[in-house]
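This report refers to the structure that appears directly beneath it.
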Amino acid sequence: MDAALEVFAAQTFAGARVPGIAKHAGVAQGTLYRYWPSKEALANDVYGNAKRVFLTYLRRSMPTTLPADEAEMRALFDILWRNLTDFAEEQTLMLIFLEHQQHAPFLDQNALDITREVEEFAHGLVRAGQRLGLFPPVNPQLLRLMVFGSYVGLSKGRTAGYSPSREEMIIARDALWALLTHGSPYAGT
């Protein structure tokens, strides 16, 4: 699967061909078909594995209880952003594969389920901030997409020759926090 991830990240799903994946993996094409009946099946396994790793990163060092106040919510947001930054740095190929191309045409139910699990994790964090009156009372998906869109945009810089430093990622984190909580009545900051 590592070879498939490398090829999908470099060539996209649409551009990748099974013979090229097999060659990159150092195996015969028939060997791949023994384990995966199609390129789509292989891509779903790669996608599902990458999403599970991503979810593991998201959950690292997260508190087991919901935040009780603004300080705890801010600490949770800082942990989340650090986890996202770590994933971008440590699992760059997975991030490229997951976020820099379209997957909808080939995703199976298992892949959709893990995607939904990631989204629900994020929505839970947004709802916690909303319950505390820190985030605006909008659909949690909107705020998730704002934060995650910023993160993906910053991560794309890594493949385009601009790699934000840790300090710049902290500045971005703080700007996003301010955007999410700006202007009371949603926060006291």
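Position 1 is the first residue of the sequence; numbering continues from there.
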Applying side-chain hydrogen bond (donor to acceptor under 3.5 Å, both in side chains), can you list everything that pairs with [X], at least two apart in sequence or on another chain?
| X | answer |
| --- | --- |
| Asp113 | Gln109, Arg116 |
| Ser163 | Arg158 |
| Thr115 | Tyr47 |

Self-check item: Side-chain donor/acceptor of Glu72 to backbone N/O of Ala68, under 3.5 Å
Solution: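 It does hold such a pair.
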Quiz item: Between Gln130 and Val138, is there a donor-acceptor pair closer than 3.5 Å when you use the side chain of the first and the backbone of the second?
Solution: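 Here the side-chain-to-backbone pair exists.
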List for me each residue that meets salt bridge (charged side-chain N to carboxylate O under 4.0 Å, His left out) alongside [X], sequence neighbours excluded, and say none if there are none.
| X | answer |
| --- | --- |
| Arg52 | none |
| Lys39 | none |
| Glu117 | Arg59 |
| Arg131 | none |

Distance from [X] atom [atom1] to [Y] atom [atom2], nearest 0.5 Å?
| X | Y | atom1 | atom2 | result |
| --- | --- | --- | --- | --- |
| Thr181 | Glu70 | OG1 | CD | 6.5 Å |
| Met1 | Asn49 | CE | CG | 4.0 Å |
| Asp108 | Asn44 | CG | CG | 3.5 Å |
| Arg127 | Leu143 | CZ | CG | 11.5 Å |
| Phe13 | Leu42 | CZ | CG | 9.0 Å |
| Met146 | Leu179 | CE | CG | 4.0 Å |

A side-chain contact here means heavy atoms from C-beta on lying under 4.5 Å apart; do [X] and [Y] qualify?
| X | Y | value |
| --- | --- | --- |
| Leu154 | Met169 | yes |
| Leu180 | Val147 | yes |
| Val46 | Met94 | no |
| Tyr151 | Glu99 | no |

Quiz prompt | Of all pairs that satisfy side-chain hydrogen bond (donor to acceptor under 3.5 Å, both in side chains), the ones with a partner from residues 78-90, not counting sequence neighbours | solution = Tyr57-Glu90, Arg60-Asp86, Arg74-Asp78, Asp78-Arg173, Asp86-Arg166, Glu89-Arg166
Quiz prompt | Minimum heavy-atom distance between Gly48 and Ile114, given as atom pair plus value | solution =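 Nearest heavy atoms, Gly48 then Ile114: CA-CG2, 4.2 Å.
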Out of curiosity, does [Y] fall in the hydrophobic cluster containing [X] (side-chain heavy atoms, cut-off under 4.5 Å, transitive links)?
| X | Y | result |
| --- | --- | --- |
| Leu84 | Ile171 | no |
| Ile170 | Val152 | no |
| Leu66 | Leu80 | no |

Quiz item: Which residues pass the side chain to side chain contact (heavy atoms under 4.5 Å, CB included) test with Gln141, sequence neighbours left out?
Solution: His123, Asn139, Arg144, Leu145
Quiz prompt | Partners meeting ring pair (Phe, Tyr, Trp, His ring centres under 6.0 Å) with Phe97 (sequence neighbours left out) | solution =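 Phe97 satisfies ring pair (Phe, Tyr, Trp, His ring centres under 6.0 Å) with Phe8, His103 once adjacent residues are dropped.
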Practice problem: Name all residues meeting the ring pair (Phe, Tyr, Trp, His ring centres under 6.0 Å) criterion together with Phe54; count only those two or more places apart in sequence or in a different chain, and write none if there are none. | Solution: Phe87, Phe148
Could you tabulate the donor-acceptor pairs under 3.5 Å formed by side-chain atoms of residues 17-37, not counting sequence neighbours?
residue, atom, partner, partner atom, Å
Arg17, NH1, Ala14, O, 2.7
His24, NE2, Glu6, OE1, 2.4
Trp36, NE1, Asp45, OD2, 2.5

